[in-house]
Amino acid sequence: MKLPHAYQPITGHRHQGPFVVLEGVSGIGKSTLAGVLAGRLRATSIHTLTRPHTDWSAAVNARLRALPQFAFYLSGLLHTSDSVRQCRTIGPVIADRYVSSVLACHSAVHRVPVDDVAALLVPYRGYLDTPDLTFYLRCSEQVLRRRMETKGKEQVLSPDDLALFGVDGRLDRLLRNFERVADEDPTAVVIDTDGKTPGTLADEVLAHVEARRA
C-alpha cells in the first residue's frame, strides 16, 4: 500500500552509523548489552517502546483487547522508527527490541499465529526503518531463570517479566515465536549467550557489525 505523502516517513538524511537491534525474551540481557554497545560505538540507545508509549503500556496491556493492543504497539513502532531515523543522522543506533518483539510477544500473549500478526504489519512495513543487523539472543532456561532472579533483585519486575514463568506455556510460545521470526528475518544473527559476559557478547556483536561494513 502506498501511503499518502503526509503519512510517509521523513527520508533523505545520510546515515552516520549502523542501526542494530537486540531481540529476545525478557531477562536475557538485552538492556545490559545495549548499554555496553552504545558505549563502545558511541551510539544512541533506544528502548522500544519509547516515550510517551512506554508510560502507557501497563494500562494498555491490562485494559485493551488484542486488536487495540496491537494498534498501540504498532503506533509505538512507527514512533520509534521516526526516532531511529533522527538519531541515525548523528551516529549509530542500538535498539533494545523492535519489530520482532511486537510479532513474537503479541502472538504469544494472545495465542495468535505469528503469520497473522505479521499480516497486520504489512501495510506499514515501508514506514519502518530496516535494521542493518538484528541479534536474537538465546540462552538455556536455567540461565534465564538465574538472570531473572538477578533482575528482580535490582528492580521491580514487570507483569511481562512475571508472566514469563508464571503463565503456563508463555516461555515456550515466546521461544518458538522468536525462532520463527528469526528464520524469516534477512537481518538476523542468532547468538547463544550462556556462559558469556556482556563484554564478550559485545565483542561478538561488534565483529558482525565490522564484517558487514567491510
Side-chain angles (χ1 to χ4, degrees), residues 20-37 46-49 54 57-58 60-61 66 69-70 72-74 76-77 80 94-121 125 128 130-131 133-198 200-202 204-205 208:
V20 175
V21 174
L22 305 178
E23 292 284 11
V25 299
S26 294
I28 203 166
K30 298 183 300 299
S31 298
T32 301
L33 179 56
V36 175
L37 289 171
I46 291 180
H47 189 284
T48 305
L49 302 166
T54 188
S57 60
V60 166
N61 292 342
Q69 261 192 44
F70 173 80
F72 168 78
Y73 283 99
L74 171 60
L77 278 179
T80 296
I94 308 296
D96 178 353
R97 297 191 181 277
Y98 194 48
V99 177
S100 298
S101 277
V102 171
L103 294 174
C105 295
H106 186 83
S107 168
V109 169
H110 296 287
R111 305 191 184 209
V112 178
V114 171
D115 288 346
D116 289 352
V117 184
L120 293 175
L121 267 178
R125 280 285 189 178
L128 300 172
T130 302
L133 290 167
T134 302
F135 294 91
Y136 291 83
L137 307 183
R138 300 191 308 193
C139 71
S140 65
E141 182 174 339
Q142 180 182 11
V143 169
L144 183 61
R145 286 183 179 274
R146 187 163 63 246
R147 290 176 181 172
M148 190 62 77
E149 289 175 1
T150 300
K151 182 178 179 180
K153 294 175 182 177
E154 297 172 349
Q155 63 189 73
V156 177
L157 296 179
S158 70
D160 286 339
D161 291 336
L162 296 172
L164 196 62
F165 298 109
V167 175
D168 187 43
R170 176 68 61 84
L171 178 59
D172 288 340
R173 288 194 296 274
L174 278 169
L175 294 176
R176 288 196 304 269
N177 288 351
F178 274 116
E179 185 175 348
R180 171 70 181 278
V181 174
D183 284 343
E184 298 183 1
D185 183 351
T187 72
V189 178
V190 178
I191 293 183
D192 290 307
T193 67
D194 281 10
K196 298 176 182 177
T197 66
T200 300
L201 290 170
E204 192 169 343
V205 168
H208 283 282

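What you see below is based on every heavy atom in this structure, not just the backbone, and it leaves out hydrogens, waters and symmetry mates.
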Minimum heavy-atom distance between Leu164 and Met148, given as atom pair plus value: CD2-CE, 3.6 Å
Interatomic spacing from [atom1] in [X] to [atom2] in [Y] - rounded to 0.5 Å:
X: Leu120; Y: His106; atom1: CG; atom2: NE2; value: 7.0 Å
X: Leu22; Y: Leu133; atom1: CG; atom2: CG; value: 10.5 Å
X: Glu204; Y: Phe135; atom1: CD; atom2: CZ; value: 8.5 Å
X: Thr150; Y: Gln155; atom1: OG1; atom2: CD; value: 11.0 Å
X: Leu74; Y: Leu128; atom1: CG; atom2: CG; value: 7.5 Å
X: Tyr98; Y: Thr187; atom1: OH; atom2: OG1; value: 10.5 Å

Looking at residues at least two apart in the chain, or sitting in another chain, which of them share a ring-ring contact (aromatic ring centres under 6.0 Å, His included) with Phe72? His53
List the residues meeting ring-ring contact (aromatic ring centres under 6.0 Å, His included) with His47, not counting sequence neighbours, and say none if there are none. none
Sequence neighbours excluded, which residues qualify as side-chain hydrogen bond (donor to acceptor under 3.5 Å, both in side chains) partners of [X]?
X: Thr54; answer: none
X: Arg147; answer: Thr193
X: Glu179; answer: none
X: Glu141; answer: Arg145

Show me the donor-acceptor pairs, under 3.5 Å and distance only, between side chains in residues 25-35 and residues at least two apart or in other chains.
| from | atom 1 | to | atom 2 | distance (Å) |
| --- | --- | --- | --- | --- |
| Ser26 | OG | Arg97 | NH2 | 3.2 |
| Ser26 | OG | Asp161 | OD1 | 3.3 |
| Lys30 | NZ | Gly24 | O | 3.1 |
| Lys30 | NZ | Val25 | O | 3.0 |
| Ser31 | OG | Asp96 | OD2 | 2.6 |

Would the number of heavy atoms belonging to other residues, nucleotides or ligands and lying under 6.0 Å from CG of Asp183 be above 12? yes
Residues at least two apart in sequence or cross-chain that pass salt bridge (charged side-chain N to carboxylate O under 4.0 Å, His left out) with Arg138, listed by chain then number, are Asp192
Using the test salt bridge (charged side-chain N to carboxylate O under 4.0 Å, His left out), find all partners of Asp116 that sit at least two apart in sequence or belong to another chain. none
Are Leu201 and Val36 packed together at the side-chain level, in the sense that at least one heavy-atom pair is separated by less than 4.5 angstrom? no
Report yes if some heavy atom in the side chain of Leu121 is under 4.5 Å from a heavy atom in the side chain of Leu77; otherwise report no. yes
Residue list, side chain to side chain contact (heavy atoms under 4.5 Å, CB included) with [X], at least two apart or on another chain:
X: Val114; answer: Ser107, Asn177, Val181
X: Gln142; answer: Ser140, Arg146
X: Asn61; answer: Gln69, Tyr73, Asp160

Flag the pair His110 / Phe70 as yes when their ring centroid distance falls below 6.0 Å, and as no otherwise. no
Any side-chain donor near an acceptor of the partner, Tyr136 and Ser100, under 3.5 Å: yes
Would you call Glu184-Arg180 a salt bridge at under 4.0 Å N-O? yes
Show your reasoning for whether side chain to side chain contact (heavy atoms under 4.5 Å, CB included) applies to Lys196 and Ile191. CA-CA 10 Å; Lys196 298 176 182 177; Ile191 293 183; 4.3 Å; yes
For Val21 and Thr48, what are the C-alpha separation, side-chain angles and deciding distance, and is it a side chain to side chain contact (heavy atoms under 4.5 Å, CB included)? CA-CA 10 Å; Val21 174; Thr48 305; over 6 Å; no
